[in-house]
**Student:** 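Once you've had a glance at the structure underneath, I'll fire off some questions.
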Amino acid sequence: MMYGYFDDKAREYVITTPKTPVKWVNYIGGLAFGGIIDQTGGSLICKGDPALNRIVKYVPQLPSSDFKGETLYIRLKHETSSRLFSPYFVPTLDQYDRFECRVGLGYSRYITEFYGIRSEITVFVPIGEDRMIRDIKITNLTGATVEIDVIPVVEYTHFDALKQFTNADWVPQTMQSKAFREENGLLILQQYAFMKKETAVNYLTSNWPVSSFESDRKRFLGDNEYGTWRAPKALEQAELGNYEALRGDNIGALLHHLGTFTPNETKRIITQLGQTASISSALPAIQRFRSGEQVDAAFTQLADSWNAYLSKFQVNTPDAAMNSMLNVHNPRQCHTTKNWSRDLSLYQLGFGGRGMGFRDSSQDSMGILAHAPDEGKALLTKLLCVQKRDGSAMHQFFPSTMEATVGDSHEMPDRPKYYGDDHLWIILAVTAYLKESGDMAFLDQIIPFYEKDAQKQPLEFATVLEHLHRAISFTQSHKGAHGIPLLGFADWNDTVNLRTGAESLFVAAQFGKALLEMIELMGALGKQDMVATYQSYYDDMKRAVNDHGWDGEWFIRYFDFDGSKLGSKENAHGQIYTNGQSWPVIAGFADKERAEKALNSVNRLLNTKNGIKLSYPGFNGYDPNIGGITTYPPGAKENGGIFLHANPWVMIAETIMGNGDRAFQYYNQINPAAKNDDLDTFEVEPYSYPQNILGDEHPQFGLGRNSWLSGTASWTYQAATKYILGILPTYAGLQVNPCIPKAWDGFTATRVFRGATYQIVVNNPTHVSKGVASLKVDGKTVEGTIIPIAADGATVSVEVTMG
Ligand code: GLC
């Protein structure tokens, strides 16, 4: 079944029924203030920290029909009859004549019709503001004169999101609400935890006179809470109770009489949900956002900022679903993931365990570089602050305090406290930033290494370049019995936790790729001695991988602490791993014959119509010596599931081998936009990549989960733009070297690179996959595939003929 469609012109996905298989969400605002809104009006909003400053109570585990966080009731009165419904469908579940949730860039717009009443509600967080706006326009289409009341409702959580659920004694005793009535009849309903009443006050307000309010859930639902959200008892009365809650479950409900609506009349009411230290200091801004013009201006500003962001890279390929993703939804997901890391989604619930991941954010930064290199640099600077002086990295950190942790490895005292891969990602990320921006001065920036206790151990400061050298030297000095890098607690695959001494062939290849980047960088800096040193590290590792890591038809994935193999034909479970094949190709470790064999093995043993599985066959039972992967049933997540993050690496490897058809097949088969015709198996949003899809060893093959915050966003975007379309930043200029399906006639792209705008036309007259026969820049032929760097502000026309 279809649940909506892509409106590419409006840059929206339009959900046309509230009953999607699971909640489909959008992100508004950012970590500073914002969160998630779902297609039925629910919201999960936080300020600064989803764990310790959460505002709205949203419980994803409750059924979809339940009230979640926020809603709006409309009370429609016509002569003697009256009915209550929510224009969001939930929680009243009335029959609708029209339902649209337009998932836009930083906003969602709900256009619905119930009982002849049209509601158009735009929800967003103005840039830089600590408030969420609901801009509500109500139109009377009944043909008769009616009266309408509008009642927005929010349910608050305790600011400590986890305590809300673990402590039903302290939490309810501390929750309080207070009304602040203004002279003009407007009202600000405040809510706070007693200890925070001077520092963090949540509020709900509007730009219409409030005739009455309620702040206690029990009174609102009525009947000792045997009243329901679907039909709250309080809304059977003409007015709410005006009760200022002194404890208990706090809500904010504001009753507005919008008065009489003649046929086709529209009225507009704007609500604000925000947080401030004190209402008096917030008043000027609150008043400003009560004006329709101000709200319109803030919305325009938001739209302009997204337009500016997306305009840096737009494409037109023969594939509509690819265009939808590359022009709107994929870069938006990259930005969202970069901002939120894995902190808050419907799957990662933001209760404080995770913060930002070192490896995750390093990779996320790479997904936004084409659009916002400065934001990438800011994130890289933070990440480098949690790298340790030995070159390894802390696994996670909390951006508000910059406190870092060793991740899950602390749970197993006998295991190493580092991850074999973390620190190597920063090399790939920093060099990608340098190639994008040309900002070589970044290498000289001084950044401290992480010290848990700077009182005990003085901070050591070093240049960014030195940070990169240390990352290499950590892996160079932490190798195992086969000369392959030690796994540490885990590598990219968090869930294979072998005993101390195990080696990772993935880290070996990742090290190879990092060395290639460092060799190129040292060459660009003219440091020939370092080129030679790193070349020798590279050659040694390449030899070790080929001497010990080849299994006949593919590369193995791990050596366990006792030298036994994992990812080999000798294993009953986990015989072959995707990352074990893609990465030796990416690193240039595999010669042509081995690369082809390895990638063909992926195609034969791991590929499915819904994507490439991470490994095969899945483990079938818990084994503490292998770790987290064995906690999943076969086909789920890392245990033989389709872990999407790893798919683009295979696409990249295929483009390196010149296989444009296969690369695109792999791209298309995981493109959620290409699944839009039938989403009943996939279930999750068609406009964002999920982290995982159940593999074919699982009875629910094809079911997607963990949408939005996934490294899939960054890598699929990179695979598509840098490798399939082949538009790749280099130190010398922008390279165009596509690897596309043979059937394509070509494509066009507009790409801003170092301040100049490149208008790229690629023609494929002889229907090849790869190969540039000629490159013309502003009409003049240029040798090779790299466009020389143009002046800042220039517009450059580029014509590539493949052949
Ligand atoms: C999750 C983690 C990521 C890890 C991946 C594979 O996506 O956030 O860090 O690499 O799982 O285990």
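Just follow the structure's listing: the first ligand is 1, and inside any ligand the first atom is 1.
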**Student:** What pair of heavy atoms forms the shortest contact from Phe442 to Thr381, and how long is it?
**Tutor:**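 Heavy atoms of Phe442 and Thr381 come nearest at CE1-OG1, 3.7 Å.
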**Student:** Enumerate the atoms of ligand 1 whose separation from the nearest heavy atom of Trp492 is less than 4.0 angstrom.
**Tutor:**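 Checking each atom against Trp492, I get 4 (C), 5 (C), 6 (C), 10 (O), 12 (O).
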**Student:** Show which atoms of ligand 1 fall inside a sub-4.0 Å distance from at least one heavy-atom site of Asn493.
**Tutor:**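 In order of number, 12 (O).
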**Student:** What I want to find out is whether Lys452 reaches Glu403 closely enough, with some N-O distance under 4.0 Å, to be called a salt bridge.
**Tutor:**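 No.
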**Student:** Going by the side chain to side chain contact (heavy atoms under 4.5 Å, CB included) test, name the single residue among Val406, Asp494, Asp491 that passes it with Tyr419.
**Tutor:**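 Filter result, single survivor: Asp494.
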**Student:** Backbone N or O of Tyr577 within a donor-acceptor pair of the Ser615 side chain at under 3.5 Å?
**Tutor:**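 A pair under 3.5 Å: no.
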**Student:** Show the atoms of ligand 1 that are less than 4.0 angstrom away from any heavy atom in Gln691.
**Tutor:**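 Atoms satisfying the 4.0 Å criterion: 1 (C), 7 (O).
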**Student:** Going by the atom numbers of ligand 1, which of them fall below 4.0 Å from some non-hydrogen atom of Glu638?
**Tutor:**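 Atoms satisfying the 4.0 Å criterion: 6 (C), 11 (O), 12 (O).
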**Student:** Between CZ of Arg470 and CD1 of Ile427, what distance do you get to the nearest 0.5 Å?
**Tutor:**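 One finds 13.0 Å between CZ of Arg470 and CD1 of Ile427.
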**Student:** Enumerate the atoms of ligand 1 whose separation from the nearest heavy atom of Asp494 is less than 4.0 angstrom.
**Tutor:**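 Result: 2 (C), 3 (C), 4 (C), 9 (O), 12 (O).
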**Student:** Does Asp360, backbone or side chain, put an N or O under 3.5 Å from an N or O of ligand 1?
**Tutor:**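 Yes - when backbone and side-chain N and O of Asp360 are compared with those of ligand 1, one distance drops under 3.5 Å.
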**Student:** Heavy atoms only, cut-off 4.0 Å: how does His645 contact ligand 1, side chain, backbone, both, or neither?
**Tutor:**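 His645 to ligand 1: no contact under 4.0 Å from either part.
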**Student:** Could you list the residues that satisfy side-chain hydrogen bond (donor to acceptor under 3.5 Å, both in side chains) with Glu570, not counting sequence neighbours?
**Tutor:**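 Checked Glu570 against side-chain hydrogen bond (donor to acceptor under 3.5 Å, both in side chains); matches are Lys565.
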